[in-house]
Amino acid sequence: MARTALVTGGTRGIGEAISNRLKADGFNVAATYAGNDEAAAKFTEDTGIKTYKWNVADYEESKAGIARVEAEVGPIDVVVANAGITRDAPFHKMTPDQWHQVIDTNLTGVFNTVHPVWPGMRERKFGRVIVISSINGQKGQFAQVNYAATKAGDLGIVKSLAQEGARAGITANAVCPGYIATEMVMAVPEKVRESIISQIPAGRLGEPEEIARCVAFLASDDAGFVNGSTISANGAQFFV
Ligand code: CAA
């Protein structure tokens, strides 16, 4: 029977590529989004993938949304915590609001996404938790104290969940994308982006599909013994 996968932030950018790839691999996919109704409607029209709107920063909304997905699509076997935002500013200019928005969405959002699906995975003795971290959680980044903190936090989450879930047949892993050609990276000032690309030995930005392929592997039966690890896909920009 086809497994069910939930992808947060799954209608645009890297998340869209992940949703499409998992669907192509035979999963029943549900994709969440936070606000862009138009993009979500177009995504469903193009792909046939069901979308659900909730704010991952809100625990009760996440719990209720996940209950709906499980009732309408099926018990969640694979959860991809992908939803994330940036609020970049040099630290001396970063406001508490910019700090909290990013922590609430990118870090607490992972808790809110995984915690409601975890009991079902434990009961069914199968689960794949995949968290989309970032190169900037591994190396830090100018103007991203908030974002880098959340993405480094993701690595602590998967290493801990891996130990808790292993005996119940649940794996938890992270993917650390480098700079990928998405709206998030395109929003960086052009001069800064050019300088970033010049630091990537591959000489180019990554494609969302290149991250989706890493997720597809981690979601597959082949990856059953891969647990608590991090796949870096960054064109040789940074090694751990
Ligand atoms: N390293 C060193 N110095 C840098 C820098 C960097 N990466 N980026 C900017 N600076 C410097 C500028 O040269 C400038 O220096 P001077 O004052 O000497 O000219 C100074 O920092 C900028 O100061 P400002 O007060 O003008 O900064 P600002 O308030 O206008 O903020 C910014 C500008 C938000 C930092 C903007 O430059 C920016 O967005 N930078 C990109 C940050 C970045 O890389 N974000 C990653 C987004 S992609 C992503 O997050 C996805 C992922 O996972 C990889």
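Just so you know, ligand 1 is whichever comes first in the structure, and atom 1 is the first atom listed for that ligand. Just so it is clear, the structure is predicted and the values come from calculations on it, not from any experiment.
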Is the shortest side-chain N to carboxylate O distance from Lys50 to Glu72 below 4.0 Å?
yes
Which is it for Asp77 and Arg128 under the salt bridge (Lys or Arg N to Asp or Glu O under 4.0 Å) test, yes or no, and what are the steps along the way?
CA-CA 6 Å; Asp77 305 296; Arg128 293 278 190 269; over 6 Å; no
Check the orientation of Trp54 and Tyr52. Use parallel for under 30°, tilted for 30 to 60°, and perpendicular for over 60°.
tilted
Between Asp88 and Gln144, do the side chains contain an N or O donor and an N or O acceptor separated by less than 3.5 Å?
yes
Heavy-atom distance under 4.5 Å between the side chains of Pro208 and Thr182, does that happen here?
yes
Need the list: ligand 1 N/O atoms against protein N/O atoms, distance under 3.5 Å, rounded to one decimal.
unit_1, atom_1, unit_2, atom_2, d
ligand 1, 25 (O), Lys93, NZ, 2.4
ligand 1, 29 (O), Lys93, NZ, 2.8
ligand 1, 44 (O), Gln141, NE2, 3.2
ligand 1, 44 (O), Tyr179, OH, 3.4
ligand 1, 45 (N), Asp88, OD2, 2.7
ligand 1, 50 (O), Gln144, NE2, 2.9
ligand 1, 53 (O), Ser134, OG, 2.6
ligand 1, 53 (O), Tyr147, OH, 2.6

Contacts of Ala67 that satisfy side chain to side chain contact (heavy atoms under 4.5 Å, CB included) - sequence neighbours left out:
none
